[in-house]
Amino acid sequence: FFFETMCRGEMQSTKAADTAATDKSLDKNRLISRDELRSHNVPQDAWAAVHGRVINITEFARRHPGGDIILLAAGKDATVLFETYHPRGVPTSILDKLQVGKMKDGELPSSFYSWDSDFYKTLRARVVERLDKLNLPRRGGYEIWVKAVFLLAGFWFSLYKMSVNETYWAASLWSVSMGVFAAFIGTCIQHDGNHGAFSTSPALNKVAGWTLDMIGASGFTWEIQHMLGHHPYTNVLDVDEEKRKEAGDDCPMEDKDQESDPDVFSSFPLMRMHPYHKAEWYHRYQHLYAPVLFAFMTLAKVFQQDIEVATTQRLYHIDAKCRYNSILNVLRFWSMKVLSIGYMLAVPCYFHGILGGLGLFLIGHFACGELLATMFIVNHVIEGVSFGKKGESLGLSKDVEFKPTTVSGRTPMEQTRAEAKKAANGGNVKDVPYNDWAAVQCQTSVNWSPGSWFWNHFSGGLSHQIEHHLFPSICHTNYAHIQDVVQKTCEEYGVPYQSEPSLYSAYGKMLSHLKYLGNEKKVA
């Protein structure tokens with residue numbers, strides 16, 4: 001039934017795309033409603049909005065230099081994706097050719113972000129100049145490719161040794177090794193691949209992204225959560241949606257606001273990670289039990305979230321039809337689930353018995369989950385980081401400048417603005433809006449061991465989280481080379497640039513932050 005429905009949906013979508021191309025695309029200034037934009041939300045019929053211009057990307061996806069990553073924008077306001085994945089810019093002539101209309105005024109919800117400042121434009125120009133000066137490719141390169149071969153070999157060798165080793169304690173150590181290598185495949189290969197940064201070849205990027213399926217999770221679900229939710233709207237929460245959830249009311253998908261970060265309310269149950277959320281009694285101890293929960297992260301992704309998203313074609317407030325409405329994508333999803341369970345669980349069970357094999361499988365996942373969660377959470381849930389909230393219930397006018405704040409209600413950017421003006425000795429320092437997209441990324445992200453080549457490689461660029469969020473399409477091997485450019489530009493414009501000297505320091509401040517959140521009352 002599922003595939004029959006999908007086939008019927010694909011035929012209808014193709015017919016709709018043909019009709020749109022012949023009847024509607026002739027008038028490039030035709031006004032388009034939000035409902036009409038959302039109706040073109042599948043790979044076979046994909047429209048997207050960019051700064052109010054609606055473009056048809058269905059056919060263009062086949063010749064898009066970045067590959068079918070562009071289809072993630074199907075049926076959505078893709079302004080953030082458009083701006084952040086093209087550091088060199090996009091010729092307006094391309095948009096002119098793809099344009100099929102314009103969004104009606106007021107159809108899209110008021111955005112949390114402002115694009116009025118030249119801060120991000122200046123930052124992009126300087127980063128591109130640095131890469132050109134060092135003759136570094138923006139995407140891919142021998143550093144990441146050599147590392148990829150080493151990590152893949154390490155994963156498969158560890159899996160082999162885990163399975164055939166007759167001594168269970170030794171097999172357990174190899175299971176830990178397999179989990180560690182799997183974590184590094186996630187941060188150092190698939191991460192860049194699915195961001196389109198592993199190579200200039202769309203096919204090689206697709207293969208690199210597929211390695212997440214190889215270790216048991218789903219690259220498609222990761223794209224939905226990470227690239228459509230977390231990256232564009234870091235630490236931003238739609239309070240209206242949260243109130244509906246608390247009341248047990250799930251409004252239709254077409255009424256949901258896409259500007260909300262799923263990571264701050266979905267990555268770990270039993271934890272309070274955003275100051276707007278209600279503090280429960282058990283949150284007072286979350287700084288103690290959080291490290292234990294971290295170990296279960298990958299198990300939850302593999303067996304709960306992936307399957308839920310694939311079968312419902314949505315991830316919370318995010319429409320997932322841009323990936324899971326394709327028969328080929330669904331076949332890839334389920335075939336890799338079966339295959340990965342086979343060689344990561346069934347094979348060890350054959351050699352060590354059901355309980356022994358299951359134990360090794362869990363040990364590997366616990367090692368992988370603990371390492372990944374440790375490197376992830378310190379970047380956005382830590383002392384001094386800011387959070388944003390939006391929604392009609394806040395009672396703010398459409399012209400208001402949203403302002404990210406810390407859990408204590410402080411706005412660090414007020415201080416950095418003052419410092420920049422003082423450093424300029426009376427010179428002209430333009431005020432970057434608090435809700436400038438790039439400035440928000442800097443306010444909601446934290447680096448650790450900045451400038452370190454080793455820790456940058458170790459973490460797959462996660463140690464340079466600010467650079468990664470500002471430039472997701474740039475290969476992580478470049479972040480150590482552009483870090484000083486980003487920091488100096490932030491200081492010049494009065495934008496916060498927070499970093500910790502080490503992962504150890506960041507981890508300690510993360511636990512301290514969780515303790516504070518667990519005892520603090522809900523922010524209104």
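Note: hydrogens, waters and symmetry copies are ignored here, and every other heavy atom, side chains too, is used. Along the sequence shown, residues carry numbers from 1.
Between Y160 and F157, the ring planes lie tilted relative to each other; the angle falls in the 30° to 60° range. Classified by interplanar angle (parallel below 30°, tilted 30° to 60°, perpendicular above 60°), the ring pair H86/F82 is tilted. Ring orientation note: the planes of H195 and W222 are nearly perpendicular, at an angle over 60° on the 30°/60° scale. Note: Y113 and Y233 have parallel aromatic rings, judged against thresholds of 30 and 60 degrees for the angle between ring planes.
Partners of E259 according to the salt bridge (charged side-chain N to carboxylate O under 4.0 Å, His left out) rule, which considers only residues two or more places apart in sequence or in another chain, are K390. Not counting sequence neighbours, the partners of Y479 by the ring-ring contact (aromatic ring centres under 6.0 Å, His included) test are H468.
Residues F361 and M344 are in side-chain contact: their nearest non-hydrogen atoms beyond the backbone lie under 4.5 Å apart. Residues S199 and N205 are in side-chain contact: their nearest non-hydrogen atoms beyond the backbone lie under 4.5 Å apart.
Between the side chain of H476 and the backbone N or O of H457, no donor-acceptor pair lies under 3.5 Å.
Under 4.0 Å is where a charged nitrogen must lie from a carboxylate oxygen, and between R272 and E280 no such pair does. Comment: K337 engages D306 in a salt bridge, judged by a side-chain N to carboxylate O separation of less than 4.0 angstrom.
Annotation: I354, atom CD1; neighbour count of heavy atoms from other residues, nucleotides and ligands within 6.0 Å does not exceed 12. Atom OH of Y289 has more than 12 neighbouring heavy atoms from other residues, nucleotides or ligands inside a 6.0 Å radius.
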Is there a ring pair (Phe, Tyr, Trp, His ring centres under 6.0 Å) between F458 and F184? Walk through the geometry before answering. CA-CA 8 Å; F458 178 88; F184 285 133; 5.1 Å; yes
When you look at Q441 and E467, which way does the side chain to side chain contact (heavy atoms under 4.5 Å, CB included) test go after all the steps? CA-CA 9 Å; Q441 300 308 302; E467 286 73 21; over 6 Å; no
Let me see the working for Y343 and W156 under ring pair (Phe, Tyr, Trp, His ring centres under 6.0 Å), right down to the final yes or no. CA-CA 10 Å; Y343 52 71; W156 286 106; 4.9 Å; yes
Give the intermediate values and the outcome of ring pair (Phe, Tyr, Trp, His ring centres under 6.0 Å) for residues H230 and H469. CA-CA 10 Å; H230 172 61; H469 267 253; 4.9 Å; yes
Apply salt bridge (Lys or Arg N to Asp or Glu O under 4.0 Å) to D68 and K206, showing your working. CA-CA 9 Å; D68 74 349; K206 183 66 72 175; 2.9 Å; yes
Pair F471-Y85, ring pair (Phe, Tyr, Trp, His ring centres under 6.0 Å): steps then yes or no: CA-CA 7 Å; F471 301 101; Y85 277 84; over 10 Å; no
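Of the N and O atoms on the side chains of T477 and E143, not one donor lies less than 3.5 Å from an acceptor on the other residue. Checked by atom type, the side-chain pair S512/E383 shows a donor-acceptor distance below 3.5 Å.
How far CG of L152 is from CD1 of I189: 4.0 Å, rounded to the nearest 0.5 Å. Atom CG in L462 sits 12.5 Å away from atom CH2 in W455 (nearest 0.5 Å). If you take CZ on R314 and CD on E308, they are separated by 8.5 Å, rounding to the nearest 0.5 Å.
Y324 has its ring centre less than 6.0 Å from the ring centre of F333. If you look at F376 and F294, their ring centroids are not closer than 6.0 Å.
The heavy-atom pair separating A73 from I57 by the smallest distance is CB-CD1, 4.3 Å.
Remark: R124 qualifies as a cation-pi partner of Y120 under the 6.0 Å distance and 45° angle criteria applied to the six-membered ring.
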